[in-house]
**Student:** 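Supplied in structure tokens, the structure appears directly below.
Heads up: numbering here begins at 1 and tracks the sequence. Here the structure is a predicted model, which is why all the values come from computation and not from measurement.
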Amino acid sequence: MKSPLLSLPGAVPGEGPDEGVAAHYGDLFREQRALADGTGFVDLSHRGVVTVSGADRLSWLHLLITQHVSELPPGQATEALILSAHGHIEHALYLVDDGETTWAHVEPDSQGDLIAYLESMKFFYRVDLADRTDDYAVVHLPAGSITEAPEDTVVRETPYGRDLFLPRARLTDFAEASGPPIGVLAYEALRVEAHRPRVGLETDHRTIPHELGWIGSAVHLQKGCYRGQETVARVQNLGKPPRRLVFLHLDGSEVTLPSHGAPIRLASEGEEGRQLGFITSSARHHELGPIALALVKRNVPVDAELIADSTAAAQETVVEP
């Protein structure tokens with residue numbers, strides 16, 4: 001899904017999971033500052049959009065996802081995960097219900113697999129699923145923005161800002177009226193700063209919610225009856241996750257950022273030392289300089305100096321060991 005906003009002046013296409021929208025529009029740090037100040041908008045129209053309608057939608061979703069949604073009030077945003085039978089993270093859903101339909105945006109190109117799983121679990125419930133990605137584009141307005149959502153637009157309001165489910169045909173008109181446009185690299189830099197995990201970057205095939213600090217925000221501990229719940233309860237009650245998310249301040253003298261998957265080692269052991277984790281996301285921040293998120297083994301000392309590839313990294317605790 002290629003965004004029409006890639007035709008705007010200065011637009012540089014995104015790469016990897018953010019292919020299809022603009023990485024930036026010519027000035028990354030200016031865009032970050034604008035976003036932090038509550039101005040502009042971010043084109044997230046490459047993300048998947050899924051809707052669930054029908055009388056049983058909330059009670060049915062409640063049985064399948066990690067979040068308590070059976071009495072979710074209209075207009076209240078929440079987020080939830082879908083886990084494997086072994087408790088590993090498969091999908092993250094960013095949800096809001098409008099009183100008749102539950103809307104969710106998900107990682108780009110993941111909506112097909114998500115809908116296939118949900119369809120297999122419909123049974124006798126009165127629910128209807130739809131992939132609305134071709135019809136609706138996700139647009140993000142930062143916290144503090146005074147831009148008004150167009151009439152009849154579904155809005156998901158969070159502490160970080162508002163996600164609009166905007167009719168895709170109105171995306172260009174919205175951009176003309178609501179600028180300046182801000183690229184996804186600025187959005188990602190502020191996500192990393194806020195320690196917010198993202199499926200496909202902070203996760204691999206064996207990531208469990210405890211490792212990323214998703215307990216509470218996306219996983220409700222007072223509900224059961226969802227796939228993978230046994231693993232969540234066992235780790236919560238009897239043990240600790242094998243890995244933990246950390247925030248890294250990277251050496252600013254390096255020209256390049258360590259890429260996703262770059263190995264993390266103890267600085268004292270050098271580049272030939274044991275691998276203790278890997279970089280999940282990295283960014284250049286307009287105030288903090290180069291920063292990153294990483295997954296490391298739980299027993300890595302919280303005050304240990306680290307290196308990512310050859311780049312020195314000082315850690316801050318996100319998930320307690």
Side-chain angles (χ1 to χ4, degrees), residues 1-6 8 10-49 77 79 92-94 96 104-110 133 136-147 149 155-166 168 171 174-175 178-203 212 217-218 245 247 257 259-260 279-293 318:
M1 187 66 68
K2 184 177 179 180
S3 172
L5 304 191
L6 284 171
L8 292 178
V12 174
E15 299 178 346
D18 293 321
E19 184 178 359
V21 295
H24 61 85
Y25 294 89
D27 192 336
L28 174 61
F29 290 156
R30 178 190 59 78
E31 293 170 33
Q32 280 189 39
R33 286 190 290 269
L35 198 61
D37 290 340
T39 59
F41 71 94
V42 184
D43 175 13
L44 299 178
S45 62
H46 60 319
R47 292 186 63 80
V49 176
E79 57 187 81
L93 289 72
Y94 299 88
V96 69
H105 65 81
V106 297
E107 287 299 318
D109 299 322
S110 70
T133 310
Y136 286 87
V138 180
V139 174
H140 177 76
L141 296 175
S145 171
I146 60 173
T147 299
V155 179
R156 180 178 177 273
E157 187 161 1
T158 76
Y160 304 103
R162 289 172 288 159
D163 297 334
L164 312 184
F165 293 89
L166 184 72
R168 192 171 288 274
L171 180 58
F174 177 85
S178 308
I182 293 170
V184 73
L185 284 183
Y187 179 85
E188 283 290 287
L190 299 191
R191 178 186 69 82
V192 172
E193 178 195 16
H195 310 160
R196 295 164 54 205
R198 181 177 174 185
V199 167
L201 294 178
E202 276 62 58
T203 65
L212 302 183
S217 62
L245 187 69
F247 177 76
L257 291 170
S259 59
H260 174 78
I279 292 288
T280 59
S281 300
S282 58
R284 296 193 184 278
H285 192 274
H286 68 287
E287 291 182 340
L288 301 177
I291 56 176
L293 294 173
V318 176

**Student:** Rounded to the nearest 0.5 Å, what separation is found between the CD atom of Glu31 and the CD1 atom of Ile182?
**Tutor:**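 Taking CD in Glu31 and CD1 in Ile182, the distance rounds to 6.5 Å.
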**Student:** Going by heavy atoms in the side chains, are Leu171 and Ser45 under 4.5 Å from each other?
**Tutor:**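 Counting from C-beta outward, Leu171 and Ser45 do come under 4.5 Å.
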**Student:** Using side-chain heavy atoms (C-beta onward) and a distance below 4.5 Å, is Tyr94 in contact with Thr158?
**Tutor:**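 No, their side chains stay 4.5 Å or more apart.
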**Student:** For Pro142 versus Leu35, what's the shortest heavy-atom pair and its separation?
**Tutor:**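 Result for this residue pair: CB-O, 3.4 Å.
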**Student:** For the pair His105 (side chain) and Gly48 (backbone), establish whether a donor and an acceptor sit closer than 3.5 Å, ignoring hydrogens and angles.
**Tutor:**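 Not confirmed, His105 side chain does not pair with Gly48 backbone.
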**Student:** Please list all pairs passing the salt bridge (charged side-chain N to carboxylate O under 4.0 Å, His left out) test where one or both residues lie in residues 12-21, with sequence neighbours left out.
**Tutor:**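 Of all non-adjacent pairs touching residues 12-21, those that pass salt bridge (charged side-chain N to carboxylate O under 4.0 Å, His left out) are Asp18-Arg198.
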**Student:** Give me each pair satisfying ring-ring contact (aromatic ring centres under 6.0 Å, His included) with a member in residues 14-36, each pair once, sequence neighbours excluded.
**Tutor:**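 Output for this query is empty, none listed.
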**Student:** List the atom of Ser3, the atom of Val21, and the distance in Å for their closest heavy-atom pair.
**Tutor:**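 Nearest heavy atoms, Ser3 then Val21: CB-CG1, 4.1 Å.
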**Student:** Restricting to non-hydrogen atoms, name the atom on Ala92 and the atom on Val106 that form the minimum distance, rounded to 0.1 Å.
**Tutor:**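 Looks like O-CG1, 3.7 Å.
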**Student:** Is there a side-chain contact between Phe174 and Leu164, using heavy atoms and a 4.5 Å cut-off?
**Tutor:**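 A side-chain contact under 4.5 Å exists here.
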**Student:** Are the side chain of Ser178 and the backbone N or O of Ala175 linked by a donor-acceptor pair below 3.5 Å?
**Tutor:**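 Looks like no, no N/O pair under 3.5 Å.
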**Student:** Give a yes or no on whether the backbone of Ala34 and the side-chain of Thr39 come within a donor-acceptor separation of less than 3.5 Å.
**Tutor:**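 Checked: pair present.
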**Student:** Between the side chain of Ser281 and the main-chain N/O of Leu293, is any donor-acceptor distance below 3.5 Å?
**Tutor:**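 No: the side chain of Ser281 does not pair with the backbone of Leu293.
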**Student:** Taking the side chain as everything from C-beta on, heavy atoms only, tell me whether Arg168 gets closer than 4.5 Å to Thr133.
**Tutor:**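 With C-beta onward as the side chain, the pair touches.
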**Student:** Would you mind reporting whether Phe41 and Leu166 have side-chain heavy atoms less than 4.5 Å apart?
**Tutor:**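 Counting from C-beta outward, Leu166 and Phe41 never come under 4.5 Å.
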**Student:** Would you check if the side chain of Gln32 reaches a backbone N or O of Arg284 as a donor-acceptor pair within less than 3.5 Å?
**Tutor:**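 Yes; at least one donor-acceptor contact below 3.5 Å.
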**Student:** Please lay out, stage by stage, how Phe165 and Val96 fare under the test side chain to side chain contact (heavy atoms under 4.5 Å, CB included).
**Tutor:** CA-CA 10 Å; Phe165 293 89; Val96 69; 4.0 Å; yes
**Student:** If you take all heavy atoms of Thr203 and Gly200, which pair is closest and at what distance?
**Tutor:**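 Nearest heavy atoms, Thr203 then Gly200: OG1-N, 2.8 Å.
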**Student:** What's the shortest heavy-atom distance between Ala186 and Leu28, and which atoms?
**Tutor:**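 For Ala186 and Leu28, the tightest heavy-atom pair comes out as N-CD1, 3.8 Å.
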**Student:** How far apart are the closest heavy atoms of Leu190 and His285, and which atoms are they?
**Tutor:**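 Looks like CD2-NE2, 3.8 Å.
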**Student:** Only one of Arg156, Glu157, Arg47 clears side-chain contact (heavy atoms from CB on, under 4.5 Å) with Asp163; which?
**Tutor:**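 It is Arg156; the other options fail the test.
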**Student:** Identify, with sequence neighbours excluded, every residue that meets ring pair (Phe, Tyr, Trp, His ring centres under 6.0 Å) alongside His195.
**Tutor:**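 Expected list: Phe247.
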**Student:** Roughly how far apart are Leu6 CG and His46 NE2, rounded to 0.5 Å?
**Tutor:**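 If we round to the nearest 0.5 Å, Leu6:CG and His46:NE2 are 10.5 Å apart.
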**Student:** For Arg196, is there an ion pair with Glu79 - N to carboxylate O distance below 4.0 angstrom?
**Tutor:**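 Looking at Arg196 together with Glu79, the answer is no, because their closest N to O distance does not fall below 4.0 Å.
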**Student:** Quick one: pull up CG in Leu257 and CD1 in Ile291 and give me the separation to the nearest 0.5 Å.
**Tutor:**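 If I round to the nearest 0.5 Å, the distance is 9.5 Å.
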